[in-house]
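Notes to accompany the following structure.
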Amino acid sequence: MPVTIEPLGPHHERRAFTCGQPALDIWFRERAGQDEKRNLARVFVATDDQGIAGFYSLSTYTLSLSDLPTDLARKLPRYEALPAALVGRLARAERVRRQGVGELLIADALRRTLSAAQSVAVYAILVDSKDERGSAFYKRFGFQPFPSRPSRLFLLAETAAKALRRLG
Ligand SMILES: CC(C)(COP(=O)(O)OP(=O)(O)OC[C@H]1O[C@@H](n2cnc3c(N)ncnc32)[C@H](O)[C@@H]1OP(=O)(O)O)[C@@H](O)C(=O)NCCC(=O)NCCS
């Protein structure tokens, strides 16, 4: 079943979407369009022949040196803010569980971010995980938790390029 990923549009029927995490469902059904209009997030939607198979959101973000593990922070200049991208929300529909849609979504988010990073520098890509399963999923792609906030994980842009090459 081919899955395509495209920007959120008015033709996407979001009302019945369910991923198993109510907070993510509510955001996607009720807030995603508003966040798009207000330039707070770009939202990308995976679709197959039965409708919406998943989504993710992407925004710019800033990190401070003190967020990073000391071995990484030591290698950087003492800038006040470091440029980052945030995959704020990501979920596949429950009906496509165990079909690899999560991987398609994160690969697309990384690819899109690295493409944008040719024009606007991105030091790291951040994700928020809802639970241990989510964290385990992101760690498979090389994301590592922030020391002070384990539910938020990061991947250096240079490592993301390698992760994508592995995914093919
Ligand atoms: C986190 C998430 C995106 C991961 O997506 P996913 O890798 O496609 O995985 P699924 O949840 O659909 O399925 C997980 C299981 O399917 C397996 N699986 C994934 N892709 C597979 C494939 N192509 N073939 C066979 N099995 C596969 C996984 O290994 C995992 O197996 P396990 O239960 O034995 O550990 C997804 O679980 C999700 O959307 N959850 C709800 C929302 C959420 O928590 N989002 C993350 C925080 S923002």
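Keep in mind it's a predicted model, so treat the numbers as computed, not measured. Each ligand, and each atom within it, is numbered from 1 in the order the structure gives.
- Between Phe55 and Phe28, the ring planes lie parallel to each other; the angle is under 30°, not in the 30° to 60° tilted range.
- Taking the side-chain contact (heavy atoms from CB on, under 4.5 Å) definition, one finds that Arg78 meets it with Leu65, sequence neighbours left out.
- By the neighbour-count criterion of 12 heavy atoms within 6.0 Å, atom CZ of Arg152 is densely surrounded, having more than that number from other residues, nucleotides or ligands.
- Going from atom CZ of Phe17 over to atom CD of Glu94 covers 9.0 Å, rounded to the nearest 0.5 Å.
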Show the distances, to 0.1 Å, for all pairs joining an N/O atom of ligand 1 and a protein N/O atom that are shorter than 3.5 Å, listing one pair per line.
from: ligand 1; atom 1: 8 (O); to: Gly102; atom 2: N; distance (Å): 2.9
from: ligand 1; atom 1: 11 (O); to: Arg92; atom 2: NE; distance (Å): 3.3
from: ligand 1; atom 1: 11 (O); to: Arg92; atom 2: NH2; distance (Å): 2.8
from: ligand 1; atom 1: 12 (O); to: Arg92; atom 2: NE; distance (Å): 2.7
from: ligand 1; atom 1: 12 (O); to: Arg98; atom 2: N; distance (Å): 2.8
from: ligand 1; atom 1: 13 (O); to: Arg98; atom 2: N; distance (Å): 3.4
from: ligand 1; atom 1: 20 (N); to: Gly100; atom 2: N; distance (Å): 3.2
from: ligand 1; atom 1: 33 (O); to: Arg98; atom 2: NH1; distance (Å): 3.1
from: ligand 1; atom 1: 33 (O); to: Arg133; atom 2: NH2; distance (Å): 3.0
from: ligand 1; atom 1: 37 (O); to: Arg92; atom 2: NH2; distance (Å): 3.3
from: ligand 1; atom 1: 39 (O); to: Arg92; atom 2: N; distance (Å): 2.9
from: ligand 1; atom 1: 45 (N); to: Leu90; atom 2: O; distance (Å): 2.8

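- Around the CD atom of Glu13, the shell of radius 6.0 Å holds more than 12 heavy atoms that belong to other residues, nucleotides or ligands.
- Using a 4.5 Å cut-off on side-chain heavy atoms (C-beta onward), Thr113 and Val122 make contact.
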